[in-house]
Chemist: 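Following this message is one structure expressed as structure tokens.
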Amino acid sequence: RRGRLAWVVAASLAGATATLAFMLIEAKSQARADRAAVPAATWMTPSAATPGVAAATADQGSTLVAPATLRTGVGETLHLALRGGVKITVTSESTLVLDEDDRPSVSAGEVQFQVPHQPAGRTFELIAGSYRVVVVGTRFRVRVNQTDTAVGVEDGVVEIWTHHGVAGVQTGEAGVSPGGAAPGAQN
């Protein structure tokens, strides 16, 4: 009788383990299918799960589709693309908004941009705090916090526009505007 009881207990445990494994595999497959059916701009990262706020997956090569608002949490970094071949890295505790016309706006934190050279007569523009940043093709980063806005250029030239004027920032330079006008702009 003990042998039979041990066999029944072992078979029950094996059956329960197999059922649990099947349920986990099925749940993972369903989650992948659900994500595949939803545009990238509506995928929610745990830190961005705010009603009405769209975020994107951290997969390399994913393209953020407008309109979208992307927020990263503490320690979270997302590598994405925008239409037109622009590559972005959204760092920890940052907010990037992409309006319905695909215009990006950085309202908090730091976002790095790699903009391919634009055809003659075309520029890439974004809003950083209260500033408009205009580029033709470059690598740069934008940081926005409560006290200032900063633009650092890794390669190329950007223009920072305010209602006071325009300032140019070149390779290796950074423009920081503590609570006021853009660096180099006329007050």
Chemist: Would you check if the side chain of T72 reaches a backbone N or O of S94 as a donor-acceptor pair within less than 3.5 Å?
Modeler: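 Judged by distance alone, yes, a pair lies under 3.5 Å.
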
Chemist: Name all residues meeting the side-chain hydrogen bond (donor to acceptor under 3.5 Å, both in side chains) criterion together with T89; count only those two or more places apart in sequence or in a different chain, and write none if there are none.
Modeler: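 In terms of side-chain hydrogen bond (donor to acceptor under 3.5 Å, both in side chains), with neighbours along the sequence ignored, T89 is linked to H79.
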
Chemist: Output yes when a side-chain donor or acceptor of T171 lies under 3.5 Å from a complementary backbone atom of G156, and no otherwise.
Modeler: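 Looks like yes, one N/O pair under 3.5 Å.
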
Chemist: Taking side-chain contact (heavy atoms from CB on, under 4.5 Å) as the test, write out the residues that go with A150, two or more places apart.
Modeler: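 side-chain contact (heavy atoms from CB on, under 4.5 Å) check on A150 returns R143, V176.
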
Chemist: Could you tell me which residues satisfy side-chain contact (heavy atoms from CB on, under 4.5 Å) with Q114, sequence neighbours excluded, listed by chain and number?
Modeler: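 With sequence neighbours excluded, Q114 shows a side-chain contact (heavy atoms from CB on, under 4.5 Å) to K87, R139, given in chain and number order.
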
Chemist: If I compare all heavy atoms of V65 with all of L98, which pair ends up nearest, and what's the gap?
Modeler: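 Where V65 meets L98 most closely, the heavy atoms are C-CD2, 4.2 Å.
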
Chemist: Measure from the side-chain N and O atoms of D101 to the backbone N and O of R103, and report whether any donor-acceptor pair falls under 3.5 Å.
Modeler: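 The answer is no, because no donor-acceptor pair under 3.5 Å joins these two groups.
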
Chemist: List the atom of V144, the atom of A128, and the distance in Å for their closest heavy-atom pair.
Modeler: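 That would be CG2-C, 4.0 Å.
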
Chemist: What residues, two or more places apart in sequence or in another chain, satisfy side-chain contact (heavy atoms from CB on, under 4.5 Å) together with V157?
Modeler: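 Partners of V157 by the side-chain contact (heavy atoms from CB on, under 4.5 Å) criterion, ordered by chain and then number, come out as Q170.
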
Chemist: According to a hydrophobic-cluster definition based on side-chain heavy atoms being under 4.5 Å apart (Ile, Leu, Val, Met, Phe, Trp, Tyr only), do I127 and L80 belong together?
Modeler: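 Different clusters: I127 never reaches L80 through Ile, Leu, Val, Met, Phe, Trp or Tyr contacts under 4.5 Å.
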
Chemist: Without swapping roles, check the side chain of T149 against the backbone of S177 for a donor-acceptor pair under 3.5 Å.
Modeler: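 Looks like no, no N/O pair under 3.5 Å.
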
Chemist: If the condition is side-chain hydrogen bond (donor to acceptor under 3.5 Å, both in side chains), which residues does E110 pass it with, not counting sequence neighbours?
Modeler: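 Scan of E110 (side-chain hydrogen bond (donor to acceptor under 3.5 Å, both in side chains), adjacent residues dropped) gives R141.
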
Chemist: Check F113 against I88 and note the closest heavy-atom contact, atom names and distance.
Modeler: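 Minimum heavy-atom separation between F113 and I88: CD2-CG2, 3.5 Å.
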
Chemist: Please report the closest heavy-atom contact between G75 and S92, naming both atoms and the distance.
Modeler: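 Closest heavy-atom pair between G75 and S92: N-OG, 2.8 Å.
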
Chemist: Side-chain contact, heavy-atom cut-off 4.5 Å: D99 with S105?
Modeler: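 A side-chain contact is absent here, since even the closest heavy-atom pair is not under 4.5 Å.
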
Chemist: Can you list everything that forms a side-chain contact (heavy atoms from CB on, under 4.5 Å) with E93? Sequence neighbours excluded, please.
Modeler: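 So E93 forms a side-chain contact (heavy atoms from CB on, under 4.5 Å) with V74.
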
Chemist: Can you tell me which residue among L64, D102, V115 is in a side-chain contact (heavy atoms from CB on, under 4.5 Å) with L82?
Modeler: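 Result: among L64, D102, V115, L64 is the only option passing the side-chain contact (heavy atoms from CB on, under 4.5 Å) with L82.
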
Chemist: How far does OG1 of T91 sit from CD of Q112, to the nearest 0.5 angstrom?
Modeler: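 Result: 6.5 Å between the selected atoms.
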
Chemist: Which distance, rounded to the nearest 0.5 Å, do you find between the CD of E125 and the CD of E159?
Modeler: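 Rounded to the nearest 0.5 Å, the CD-CD separation comes to 9.5 Å.
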
Chemist: Taking V90 as the starting point, is it possible to reach V97 by hopping between hydrophobic residues whose side chains are less than 4.5 Å apart?
Modeler: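 Per the 4.5 Å side-chain linkage, V97 and V90 are not co-clustered.
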
Chemist: When rounded to the nearest 0.5 angstrom, what is the spacing between CZ in R132 and CD1 in I160?
Modeler: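 One finds 12.0 Å between CZ of R132 and CD1 of I160.
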
